[in-house]
Amino acid sequence: MHGWGANSHGQLGLGFTSEMCDSPQQVESIPVELKNIASVSAGGGHTLILADDGQLFASGWNNRGQLGLGHAEDVNRFTCVTVGREEGFKSIATGWDVSGAINARGDLYLWGSNVWLQIADKSVKYLSTPTRVELPAGRYAQKVCFGLRHTCVLMDDGSLLLFGKSKWLEQGKYDGFVRCGMPFFHLKDDEKITDVVSGENHLVLQYQQEAIVCKGDDKFGQCLKGRDVNISRNEIVKLQSGWSHSGYLTRHGTVYLWGRNSYGQLGVPAGTAGCDDPVLLNIESKVIDFCLGSQHGIALAEDGLYTWGWNEHGNCGVGGLENVWAPTKITDMKKCDKISTGVAFCFAWQTGRRFSF
């Protein structure tokens, strides 16, 4: 596995901290074989690794216990999270300073900061170990994702549960309720929601018939005025969102992006993209996977690894700190078939499961 970008809290798991690593560095502290990594999720300054057997490992920023290790000290090497180990997790998620996981039954676990009530416990400022959250009406969780100060849960009936600071919501369109003195918002549309990702203050929803609709703050065009983003009815493989831009990957291997472009987040020079329609990411080779950081992106294509956008911490991995205004290949990477990105850092690794270039 290789990591690059911001490493100020040890989030790259390299065994040291540094303001930036502007080219890929080999990560040697991973306690499992790369072929056994199920997923990697990276947040504001911390990283979680989920193994196939459900074990969880963490490194990086831990001021609010977001690593789940039972304390609030930063860690610069990947360390096993023991709580939840017996049953194991099936999916993980990270926010700015909060983390979440779901087990095979659909039980939701949250830990980290609770300054904005984003871990659904009014009595604490943070939790330093994974803690089960009881969902309303006996429901189970399919997915959890985080905005800057809120949490969104996709439940097993295709509805959404939101909590935390969410003044950006059109709250008249959500059913609100209070439990144990804490406000929650519930969204249940006529059509089942099949996927959701969250930006800083907006949501991107995918529905059963492939429609994609954004809700929330539209200051940078990240919601496209609430209209269907998938007007061509592409078959969607993956949704992603940065702070104020979002995108999706189609079955044909193309990526469409929309929203803010102040730093090249859309892969085109500033001023060349409007807010009216999604922009096709200009990569000639078929894209296999892509991820969006806070204001940059990374794409795994058949002919290599590309990055673009904000690069203040070297998070584009192409050398230097200048913003990258078009998808640019990272020439140092020889083989990888998996990628992940945090706010200002990235990972790429080779499992041998799909392909290599």
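Every heavy atom of this structure was used, including side-chain atoms; hydrogens, water molecules and symmetry mates were not.
Although no hydrogens or angles enter the test, the distance criterion places no donor-acceptor pair under 3.5 Å between the side chain of D22 and the main chain of G5. Between the side chain of Q265 and the backbone N or O of S262 there is at least one donor-acceptor pair closer than 3.5 Å. Of the possible polar contacts, one joining the S340 side chain to the V40 backbone as a donor-acceptor pair under 3.5 Å is found. Judged by distance alone, with hydrogens and angles left aside, the side-chain atoms of Q240 form a donor-acceptor pair with the main-chain N or O of L292 at under 3.5 Å. No donor-acceptor pair closer than 3.5 Å links the side chain of D97 to the backbone N or O of S113. Judged by distance alone, the side chain of N261 and the main-chain N or O of L266 form a donor-acceptor pair under 3.5 Å. Between the S29 side chain and the R77 main chain, no donor and acceptor come within less than 3.5 Å of each other. D218 places a side-chain N or O within 3.5 Å of a backbone atom of K225 that can act as its donor or acceptor partner. Between the side chain of N234 and the backbone N or O of I236 there is no donor-acceptor pair closer than 3.5 Å. Under a 3.5 Å cut-off, the side chain of T131 and the backbone N or O of T129 do form a donor-acceptor pair.
Residue M20 holds its CE atom at 7.0 Å from NE2 of H313, rounded to the nearest 0.5 Å. Atom CG of L69 is separated from atom CG of D74 by 10.5 Å, given to the nearest 0.5 angstrom. Within the model, atoms OG1 of T151 and CG of L162 stand 8.5 Å from one another, a figure rounded to the nearest 0.5 Å. Atom NE2 of H2 sits about 12.0 Å away from atom CZ of F347, to the nearest 0.5 Å. Once rounded to the nearest 0.5 Å, the distance linking CG of N7 with CG of N76 reads 8.0 Å. Note that OG1 of T194 is 4.0 Å distant from CD of Q206, once rounded to the nearest 0.5 Å.
Under 3.5 Å, the side chains of S198 and H150 contain a donor-acceptor pair of N or O atoms. At a cut-off of 3.5 Å, with distance as the only test, no side-chain donor of D52 or Q55 sits close to an acceptor on the other residue. Judged purely by distance below 3.5 Å, without hydrogens or angles, the side chains of D157 and S159 pair a donor atom with an acceptor atom.
Nearest heavy-atom pair across K215 and C223 is C-SG, 3.6 Å. Listed here is the closest heavy atom pair of S244 and F220: CB-CD1, 3.8 Å. N62 and G68 get closest at one heavy-atom pair: OD1-N, 4.4 Å. Nearest heavy-atom pair across F16 and S18 is CE1-OG, 3.8 Å. The heavy-atom pair separating T17 from G10 by the smallest distance is CG2-N, 3.6 Å. Looking at every heavy atom in both residues, E19 comes nearest to S8 through OE1-CB, 4.2 Å.
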- Task: Decide yes or no on side chain to side chain contact (heavy atoms under 4.5 Å, CB included) for D189 and K192, but give the supporting numbers first.
- Result: CA-CA 7 Å; D189 283 347; K192 185 177 181 180; over 6 Å; no
| task | Kindly determine whether H46 and S59 satisfy side-chain hydrogen bond (donor to acceptor under 3.5 Å, both in side chains), including the steps that lead there. | result | CA-CA 6 Å; H46 70 294; S59 184; over 6 Å; no
- Task: Applying side chain to side chain contact (heavy atoms under 4.5 Å, CB included), run through T307 and I330 and close with a yes or a no.
- Result: CA-CA 7 Å; T307 59; I330 300 180; 3.6 Å; yes
Check the pair H186 / M155 against side chain to side chain contact (heavy atoms under 4.5 Å, CB included), numbers first and verdict last.
-> CA-CA 10 Å; H186 183 231; M155 297 195 288; 3.7 Å; yes
- Message: Before you tell me yes or no, could you show the steps for M1 and I37 under side chain to side chain contact (heavy atoms under 4.5 Å, CB included), namely the whole-Å CA-CA distance, both residues' side-chain angles and the distance that decides it to 0.1 Å?
- Response: CA-CA 10 Å; M1 177 182 282; I37 294 177; 3.8 Å; yes
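The aromatic rings of Y248 and Y256 sit tilted, their planes meeting at an angle between 30° and 60°.
Crowding of E191 atom CD: a count of heavy atoms from other residues, nucleotides or ligands under 6.0 Å exceeding 12. Counting non-hydrogen atoms of other residues, nucleotides and ligands closer than 6.0 Å to NZ of K238 gives a total above 12. Heavy-atom neighbours of Y126 OH from other residues, nucleotides or ligands within 6.0 Å: at or below the threshold of 12.
Looking at heavy atoms from C-beta onward, H202 lies in side-chain contact with S246 at the 4.5 angstrom threshold. The shortest distance between side-chain heavy atoms of I102 and Y109 does not fall below 4.5 Å. By the 4.5 Å heavy-atom criterion applied to side chains, S39 and L50 are counted as neighbours. When side chains are defined from C-beta on, T47 does not count as touching L12, because their heavy atoms never get closer than 4.5 Å. No side-chain heavy atom of N114 sits less than 4.5 Å from a side-chain heavy atom of K125. Side chains of L187 and L205 form a contact here, defined as non-hydrogen atoms less than 4.5 Å apart. Contact check for V75 versus L67: side-chain heavy atoms found under the 4.5 Å cut-off. For the pair L56/L48, a side-chain contact is recorded, criterion being any heavy-atom separation below 4.5 Å from C-beta on.
Residues satisfying the ring-ring contact (aromatic ring centres under 6.0 Å, His included) criterion with W61, sequence neighbours excluded, are H9, W96.
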Per-pair distances, 0.1 Å, donor-acceptor, side chain in residues 293-301, under 3.5 Å, sequence neighbours excluded:
| from | atom 1 | to | atom 2 | distance (Å) |
| --- | --- | --- | --- | --- |
| S294 | OG | V343 | O | 2.7 |
| H296 | ND1 | N315 | ND2 | 3.4 |
| H296 | NE2 | T341 | OG1 | 3.1 |

Indicate every side-chain donor-acceptor pair of residues 135-147 with a distance under 3.5 Å to a residue at least two apart or in another chain.
| from | atom 1 | to | atom 2 | distance (Å) |
| --- | --- | --- | --- | --- |
| R139 | NE | D156 | OD1 | 2.7 |
| K143 | NZ | D195 | OD1 | 2.9 |
| K143 | NZ | V196 | O | 2.9 |

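A salt bridge links K329 with D303; the closest basic N to acidic carboxylate O contact falls under 4.0 Å. The pair R233-D228 meets the salt-bridge criterion, since a charged nitrogen lies less than 4.0 angstrom from a carboxylate oxygen. The pair D107-R105 meets the salt-bridge criterion, since a charged nitrogen lies less than 4.0 angstrom from a carboxylate oxygen.
The aromatic ring centres of F185 and F163 sit 6.0 Å or more apart.
Hydrophobic clustering, with ILVMFWY side chains joined whenever heavy atoms are under 4.5 angstrom apart, keeps V204 apart from W243. By the rule that hydrophobic residues join a cluster once side-chain heavy atoms approach within less than 4.5 Å of another member, V27 and L34 end up as members of one cluster.
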